[in-house]
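Notes follow the structure.
FYI, the numbering just counts along the sequence from 1. Below, each value reflects all heavy atoms present in this structure, side chains not excepted, and no hydrogens, waters or symmetry copies.
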Amino acid sequence: IIEDQVFNRLNWAKVIDPEMMLQDSTVLESPIIYPTDVRLLYKAFTKMAMVATRVNTKPWWDESEIKKLWRAYHLDKSKQYLPYLSALYLHFEPALETFAALVDSLPDGRVTTQWQQLLETLLILDEQTQLKLEGQLRIPNRLVSLDDVDARPIQKGKRHPKTEFGTFLQLSFNRQGFMITTENFMGKVDDKILYPNTLDRFLKRMSTYPSGAVTDLGYRSAKNLKLSHEHLDYVFMGKSSDVDETHKEACIKARSATEGFVAVAKNLRGFRKSLYRNLEGAKIWTLLNQCAYNLKKFLQLYRDEALSEVTLAALRL
């Protein structure tokens, strides 16, 4: 509600120019420690122990043995994690069965939604660990945290870091640098699929089509190049041949500017890492920071005396 009110006020005062849509994607990292399979199993025992304490039950596994394995894992310089994963899993599997039975046996009034969700998450972890022990290296939709269960490993094609852990974030800007739309997703989504929806969201928010759209090669497809052709004067998707000479220089500069807008958002405006957990938390964090980002952009234009007299009068400035 806050973000929507701020944006609509700025748009009503004609601060935001709908002339050009710039689109890009990034990763909104989650507030988690770098995930490993051994760490996830060890964390699972901690989570089950918290529930045991709440229901006045002692842990039903050998805690000293679990701690011993955890210390040995950290002291081992060989980087061989599979022996420790296998040893922990031998304790985890029966412990999980007992935990499931405990949750099922509790009266309805004592079982919380949080405990049910924890059980479902641990069952996913159980299946995931089995796949790891069987030698599978890549696990689709891999669980990376028991605290932020919607976080996923996402690769964006960068050299470093090659993989980031969090939610996938789709952004659109106008040429001034205002952030028009944001959208969070659990796991990597193909940019080609998201382009039509983002263009539609831009249209609804600005109540008009932009004159053109500028993206990188990740959004490029024959279908996207032709989308809304009757409404857009040009569509630039990473190749200068996409547009004629009259638009080429402006599109290349706009594409470079998009990289700068995303860099500012991540390094200066809070979009590097969410301090809220799960997909819903990431959405709230994104909207709050989008609000702050656009207010900061507005203040920059105001201080640079780049706002029209009509805008200043509408805002009573």
Side-chain angles (χ1 to χ4, degrees), residues 1-4 7 21-32 34-35 40 117 120-121 124-125 128 138-158 161-174 178-206 213-221 223-224 227-228 237-238 258-259 261-267 269-294:
I1 294 172
I2 295 172
E3 191 281 326
D4 198 52
F7 187 92
M21 183 188 81
L22 286 63
Q23 186 174 349
D24 207 345
S25 60
T26 186
V27 177
L28 179 62
E29 295 181 48
S30 294
I32 61 175
Y34 190 89
L40 282 174
Q117 291 174 344
E120 292 171 8
T121 302
I124 295 172
L125 177 61
Q128 177 176 296
R138 297 185 180 276
I139 300 174
N141 205 31
R142 179 180 168 232
L143 184 71
V144 295
S145 173
L146 300 184
D147 294 315
D148 192 342
V149 295
D150 292 335
R152 292 294 181 269
I154 300 173
Q155 294 186 358
K156 283 289 291 170
K158 298 187 296 184
K162 186 177 181 181
T163 303
E164 296 173 286
F165 303 93
T167 57
F168 190 67
L169 178 59
Q170 190 75 199
L171 304 167
S172 72
F173 303 87
N174 73 345
F178 282 101
M179 192 177 290
I180 309 301
T181 67
T182 59
E183 199 168 6
N184 299 81
F185 300 90
M186 191 171 74
K188 179 75 166 67
V189 183
D190 191 348
D191 289 331
K192 294 183 180 67
I193 298 173
L194 296 178
Y195 173 77
N197 183 54
T198 302
L199 179 60
D200 185 55
R201 285 163 58 86
F202 188 101
L203 166 64
K204 288 180 179 178
R205 190 143 225 214
M206 300 305 300
V214 176
T215 72
D216 62 17
L217 287 169
Y219 297 86
R220 188 181 182 83
S221 72
K223 181 181 178 181
N224 287 344
L227 187 68
S228 300
M237 291 188 168
T258 307
E259 297 285 351
F261 297 154
V262 174
V264 168
K266 289 181 73 72
N267 296 316
R269 303 289 183 263
F271 282 89
R272 178 173 296 279
K273 180 179 290 187
S274 170
L275 297 186
Y276 297 160
R277 292 173 175 170
N278 300 325
L279 182 61
E280 191 62 29
K283 289 178 179 179
I284 296 170
W285 182 264
T286 294
L287 289 171
L288 290 174
N289 280 278
Q290 181 182 1
C291 178
Y293 178 100
N294 285 332

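- The CG atom of L169 sits 12.0 Å away from atom NZ of K283, with the distance rounded to the nearest 0.5 Å.
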- Task: Go through the steps for L125 and T121 under the test side chain to side chain contact (heavy atoms under 4.5 Å, CB included), then give the verdict.
- Result: CA-CA 6 Å; L125 177 61; T121 302; 5.7 Å; no

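- For S172 (side chain) and T181 (main-chain N/O), a donor-acceptor pair under 3.5 Å exists by modelled atom type.
- For the pair F168 and L194, the minimum side-chain heavy-atom distance is below 4.5 Å.
- In terms of heavy atoms, P153 sits closest to T163 at CB-CG2, 3.8 Å.
- With S30 as the partner, the side-chain hydrogen bond (donor to acceptor under 3.5 Å, both in side chains) test is satisfied by one option alone out of D150, D147, D148: D148.
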- Would you please test M206 and F7 for side chain to side chain contact (heavy atoms under 4.5 Å, CB included) and show each step? CA-CA 10 Å; M206 300 305 300; F7 187 92; 3.7 Å; yes

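- Side-chain contact of N197 with E183: a donor-acceptor pair under 3.5 Å is present, judged by distance alone.
- Atom CG in L28 sits 4.5 Å away from atom OG1 in T286 (nearest 0.5 Å).
- Annotation: side chain of E29 is not in contact with side chain of T167 (no heavy-atom distance under 4.5 Å).
- Pairs passing the side-chain hydrogen bond (donor to acceptor under 3.5 Å, both in side chains) check and including a residue from residues 270-282, sequence neighbours excluded, read N267-R272.
- One finds a salt bridge joining R205 and E3 here, because a Lys/Arg side-chain nitrogen approaches an Asp/Glu carboxylate oxygen to under 4.0 Å.
- The structure places CD of Q170 at 10.5 Å from OG1 of T182, a figure rounded to the nearest 0.5 Å.
- With hydrogens and angles disregarded, a donor-acceptor distance shorter than 3.5 Å links the side chain of N294 to the backbone of M179.
- Considering CD of Q23 and CD1 of I180, their distance stands at 12.0 Å, rounded to 0.5 Å.
- Using a 30° and 60° split on the angle between ring planes, F173 and F261 fall in the tilted class, from 30° to 60°.
- I193 contributes atom CD1, which lies 10.0 Å from atom OG of S221 (distance to the nearest 0.5 angstrom).
- N224 places a side-chain N or O within 3.5 Å of a backbone atom of Y219 that can act as its donor or acceptor partner.
- A heavy-atom distance below 4.5 Å is found between the side chains of Q128 and R142.
- Between D24 and T258, the side chains place no donor N or O within less than 3.5 Å of an acceptor N or O (distance only, hydrogens not considered).
- The nearest pair of heavy atoms linking I2 to C291 is CG2-SG, 4.0 Å.
- Contact annotation: the side chain of M21 approaches that of L199 to within less than 4.5 Å [non-hydrogen atoms, C-beta and beyond].
- Qualifying ring-ring contact (aromatic ring centres under 6.0 Å, His included) partners for F165, counting only residues two or more places apart in sequence or in other chains: Y34.
- Counting heavy-atom neighbours within 6.0 Å of I139 CD1, excluding the residue itself, gives a total above 12.
- Side chains of E120 and I124 form no contact here, defined as non-hydrogen atoms less than 4.5 Å apart.
- Side-chain atoms of Y195 and M237, non-hydrogen and from C-beta on, do get closer than 4.5 Å to each other.
- Here the straight-line distance linking atom CG of L288 with atom CG of L275 works out to 11.0 Å at 0.5 Å rounding.
- Nearest heavy-atom pair, I32 versus A151, reported as atom, atom and distance to 0.1 Å: CD1-CB, 4.5 Å.
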